[in-house]
Amino acid sequence: MSSYNEEDAFEAAARPHSAAEPARGLSLSQRAMGHARPTAQMDYLEGLNTAQRAAVEALDGPVLMLAGAGTGKTKALTCRIAHLLNTGRARPHEILAVTFTNKAAREMKTRVAGLMGETIEGMPWLGTFHSVCVKQLRRHAELVGLKSNFTILDSDDVIRLLKQVISAANIDEKRWPARQLAGIIDAWKNRAWTPAKVPSGEQAAFNGHALDLYKAYQARLKTLNACDFGDLLLHMVTIFQAHPDLLADYQRRFRFLLVDEYQDTNVAQYMWLRLLASGHKNICCVGDDDQSIYGWRGAEVGNILRFEKDFPGAKVVRLEQNYRSTPHILAAASAVIEGNSGRLGKTLWTATPDGEKVRLIGHWDGEEEARWIGEEIEAMQSGTRGMTPFGLDSMAILVRASHQMRAFEDRFLTIGLPYRVIGGPRFYERLEIRDAMGYFRVVMSPEDDLAFERIVNTPKRGVGGKAMQDIQHMARSNGVALKEGARLAVEGGVLKGKAKGSIAQLLADLDRWSGLAGEAGIGPVELAEQILDESGYTTMWLNDKTPEAPGRLENLKELVKALEQFENLGGFLEHVALIMDNESEEAGEKVTLMTLHGAKGLEFPAVFLPGWEEGLFPSQRSMDESGQKGLEEERRLAYVGITRAEEVCTISFAGNRRVYGQWQSQLPSRFIDELPEDHVDVLTPPGLYGGGYGAAAPQTSSSFESRVAKADVYESPGWKRLQERSQQAARARAKTTPSQARDMVIDMKAVSSFGIGDRVFHQKFGYGEVMEVEGDKLLIEFDRAGPKKLVAKFVVDAASAGDVPF
DNA sequence: CGTGGTACAGTTTTT
DNA sequence: CTGTACCACG
């Protein structure tokens with residue numbers, strides 16, 4: 001594959017250095033330790049298990065640390081850094097350690113500092129891939145045609161820029177949305193494809209214009225002195241490839257490399273790492289192929305699977321002792337992940353006692369699932385169910401897609417259960433924050449056209465499309481930035497009336513603020529407040545009567561407060577460009593609601609995993625788009641979900657779910673089949689009807705309609721017949737296994753004795769008439785609810801339902 | 001220039 | 001069913 005066509009060059013660069021095959025592991029590090037005798041400072045080694053210790057002490061040469069979920073990889077990683085420092089093998093600035101998130105970087109810094117006892121000089125090269133690359137790129141920006149003060153665009157800026165590029169190329173933006181192009185370009189950059197390297201087979205997108213648009217976009221970025229996230233890595237790879245001398249410098253500088261979450265690296269990151277490691281090969285990659293869940297964002301599981309080939313003679317250490325979950329939970333997770341092929345393979349084990357089995361329960365529909373989980377959380381909180389009580393903070397609900405959260409939020413609001421949603425819209429992506437940042441950006445860099453465009457008419461200044469066009473024209477024909485173009489337009493009399501006056505005012509304000517920013521006397525907080533007030537931006541929200549306005553003002557206050565920790569606005573802007581995470585950890589006992597992706601790396605005593613249904617989880621879209629690979633990634637997601645649980649893991653599914661307003665009946669997820677029956681308790685009452693913890697009927701009494709339905713259907717002969725039959729089925733089996741529970745549903749679905757024109761009854765939709773029969777699916781025209789497509793098992797014959805009057 | 005209407009799409013999101 | 005994005009109108 002051409003994505004790796006740089007390897008040869010890489011190997012060539014590596015060869016001169018790779019001669020000595022260093023004695024790896026204990027012997028060498030002990031020799032080194034002979035200098036600095038093991039002291040009290042090396043206590044940390046005592047707290048490690050055998051595998052962790054091996055990973056920590058194998059300092060030289062390539063090491064792959066395969067760290068299963070909950071096996072203490074951060075501990076091993078931080079001890080390794082401490083050990084490098086303690087043994088005198090490296091000084092802090094000689095270690096390059098990269099993570100994906102700021103959170104992970106922060107944690108590592110704190111823990112290393114903790115291990116080293118006293119405060120050591122900071123580790124300047126411990127950070128995220130992106131922050132480390134920014135640092136490098138600022139030094140060598142001129143090598144890719146940028147100035148060292150380049151701005152980093154976020155995805156919103158990128159979209160707006162691409163819209164301009166697309167319309168400039170006379171391409172219909174309707175048919176070819178900028179969003180999609182952004183995705184294509186990002187994917188290319190993730191594969192380390194500069195425009196010159198995009199393979200011809202990949203260029204079909206956008207009517208064959210994608211590559212031209214990519215080129216035009218890169219050109220625009222250069223004129224704007226800007227780059228996007230993908231560029232940060234791609235530019236560094238380009239620079240290192242074109243300047244071997246510079247690369248050699250960095251290879252000498254960074255004597256040891258450490259990489260966290262290696263399974264999530266994309267091709268560009270991989271190449272950047274290989275280039276830097278090619279000299280000494282002192283690279284330690286930590287990861288878990290079973291937890292690779294970011295393939296759709298360009299991550300290549302192949303990177304970790306290929307490690308031993310990439311780095312011949314690599315030492316592979318498996319961390320398999322799990323310190324997080326009970327044996328039942330581990331067994332369930334292991335059995336599910338077993339279904340994947342091409343794994344490196346690990347066997348997790350634990351010394352903790354058995355505990356609860358993984359619990360499985362089916363429900364009638366999504367609302368009932370939410371209702372049951374709400375009640376179960378309350379029950380577990382007060383310590384019924386024969387378990388010790390769980391605090392709300394120790395429980396989490398992990399969903400596949402964020403829209404699933406809605407049912408839970410609705411339910412929790414009505415029963416007054418406190419919850420917190422993790423991973424909503426991010427602080428720095430909020431409209432008001434981006435607007436404020438736009439002002440700061442223009443003040444700090446008057447050539448930032450994207451920021452200027454954003455704020456020029458916010459708040460409304462009477463600058464519309466026409467005025468903007470004039471300004472753009474003026475700027476382009478004079479070869480200056482928009483702000484300067486605006487000035488020329490005002491002075492040259494191009495702008496008239498309202499626009500002229502307000503732009504003149506804005507320009508004067510901007511100049512004044514820029515002047516203030518250069519003065520020593522004024523702090524960033526004061527300056528920011530002045531900008532927001534004098535620009536009229538604060539007033540704009542004060543006058544806004546929509547319900548969001550107060551919250552937005554709150555956010556602005558928070559933004560200003562965040563400035564307190566910075567010396568100047570410039571430093572703040574750099575920080576924000578790379579720190580996009582959600583800081584706000586609201587206090588208070590609350591249940592956590594988040595996506596499976598968001599939960600990676602976290603753990604909770606009790607975890608609920610709802611929505612295990614075909615199409616939802618595994619997601620239909622993943623499977624449609626990526627086939628078997630997609631399915632395997634979904635399975636890894638299931639593995640991640642289960643392994644978040646420490647003590648109790650509860651999986652559930654619903655037979656019906658509203659999808660885009662349409663009711664759809666669901667099949668239980670195939671992953672449920674893969675759960676090992678010996679480690680699972682099926683809570684689902686036989687037949688699934690009504691669901692609930694042994695309850696036959698739903699307890700909802702929220703509406704008259706549902707009460708009617710309940711009174712009606714649950715007393716009906718048809719219902720009783722179904723109950724009876726499923727109870728027989730249950731009696732026939734000693735106990736229900738997960739796959740039996742699933743089969744039971746499927747079996748029942750297959751029983752469809754209805755024909756066109758039959759009158760039927762559904763517990764939710766009431767009476768209706770069968771219009772079409774398609775296997776076990778019926779198209780029913782309900783008297784009150786309109787047409788619905790349902791699986792036959794969810795309706796009963798109208799006559800039998802009608803036998804019981806209410 | 002601002003608003004209301006309609007049309008359309010609609011996973012996961014570390015930086 | 002919902003949210004948003006764009007277009008036509010006032």
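These numbers were taken from a predicted model, which means no experiment stands behind them. Values below: every heavy atom of this structure, side chains too, minus hydrogens, waters and symmetry copies. Every chain is numbered from 1, with letters handed out A, B, ... down the list of sequences.
- At a cut-off of 3.5 angstrom, the base of C:dT2 holds no donor-acceptor pair with the side chain of A:R658.
- Taking the nucleotide of DNA chain B with the nearest heavy atom to each of A:S131 and A:H597, the more 5' of the two is matched to A:H597.
- Between A:K163 and the phosphate of C:dA5, there is no side-chain N or O to OP1/OP2 separation shorter than 4.0 Å.
- At a threshold of 4.0 angstrom between heavy atoms, the contacts of A:E634 include nucleobase atoms, whether or not backbone atoms are also involved.
- Here A:W296 counts as stacked on B:dT12: its ring centre is under 5.5 angstrom from the base ring centre and the planes meet at under 30°.
- Atom CG of A:D156 and atom P of B:dT13 are 18 Å apart (whole Å).
- The separation between A:L573 atom CG and B:dT15 atom C1' is 17 Å, rounded to whole Å.
- At a threshold of 4.0 angstrom between heavy atoms, the contacts of A:K600 with the nucleic acid are absent.
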| task | For salt bridge (charged side-chain N to carboxylate O under 4.0 Å, His left out), just list the numbers for A:E107 and A:K103, CA-CA rounded to whole Å, side-chain angles, deciding distance to a tenth of an Å, and then say yes or no. | result | CA-CA 6 Å; A:E107 186 184 352; A:K103 197 175 155 203; over 6 Å; no
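- A:L450 contributes atom CG, which lies 10.0 Å from atom CG of A:D156 (distance to the nearest 0.5 angstrom).
- Nucleotide B:dT12 holds its P atom 18 Å from the CZ atom of A:R636, rounded to whole Å.
- Using a 4.5 Å heavy-atom threshold, the side chains of A:V144 and A:L137 count as touching.
- A:Y294 comes within 4.0 angstrom of a nucleotide base, judged by non-hydrogen atoms across all strands.
- Side-chain nitrogen and oxygen atoms of A:N102 include at least one within less than 4.0 Å of the OP1 or OP2 phosphate oxygen of B:dT15.
- Here A:S402 lies in heavy-atom contact (under 4.0 Å) with sugar-phosphate atoms only.
- The ring of A:Y419 has its center no closer than 6.0 angstrom to the ring center of A:F408.
- With B:dT15, B:dT12, C:dT2 as the candidates, the nucleotide lying closest to the side chain of A:H130 is B:dT15.
- When heavy atoms are screened at a 4.0 angstrom cut-off, A:E625 is found touching base atoms of the nucleic acid.
- Backbone-only engagement by A:T595 is indicated by non-hydrogen atom pairs under 4.0 Å involving sugar-phosphate atoms exclusively.
- With ring centers used as reference points, A:H597 lies under 6.0 Å from A:Y294.
- Nearest to the side chain of A:Y660, among B:dT15, C:dC1, B:dG2, sits C:dC1.
- Under a cutoff of 6.0 Å and an axis angle of 45°, A:R191 and A:W193 form a cation-pi pair.
- The residue A:G230 sits apart from the nucleic acid: no heavy atom pair falls under 4.0 Å.
- Straight-line distance from the CZ atom of A:F100 to the P atom of B:dT12: 20 Å, rounded to whole Å.
- Of the candidate nucleotides B:dG10, B:dT14, C:dT2, C:dT2 has the atom lying nearest to any side-chain atom of A:R406.
- Rounded to an integer number of Å, the gap from A:D264 CG to B:dT12 C1' is 13 Å.
- Proximity of the aromatic rings of A:F566 and A:H575 is defined here by a centroid distance below 6.0 angstrom, and this criterion is met.
- Rounded to an integer number of Å, the gap from A:D410 CG to C:dT2 P is 10 Å.
- Spacing between atom CG of A:L431 and atom C1' of C:dT4 amounts to 13 Å, rounded to whole angstrom units.
- If you check C:dG3, B:dG2, B:dT14 against the side chain of A:T101, the one that comes closest is B:dT14.
- Using P as the reference atom, B:dT12 and C:dG3 are 15 Å apart when rounded to the nearest Å.
- Residue A:V98 is classed as having no contact, given no heavy-atom separation below 4.0 Å to the nucleic acid.
- Between the CG atom of A:N266 and the P atom of B:dT14 there is a distance of 15 Å, given to the nearest Å.
- The side chain of A:F229 approaches B:dT15 more closely than any other nucleotide in the set B:dT15, B:dG2, B:dT14.
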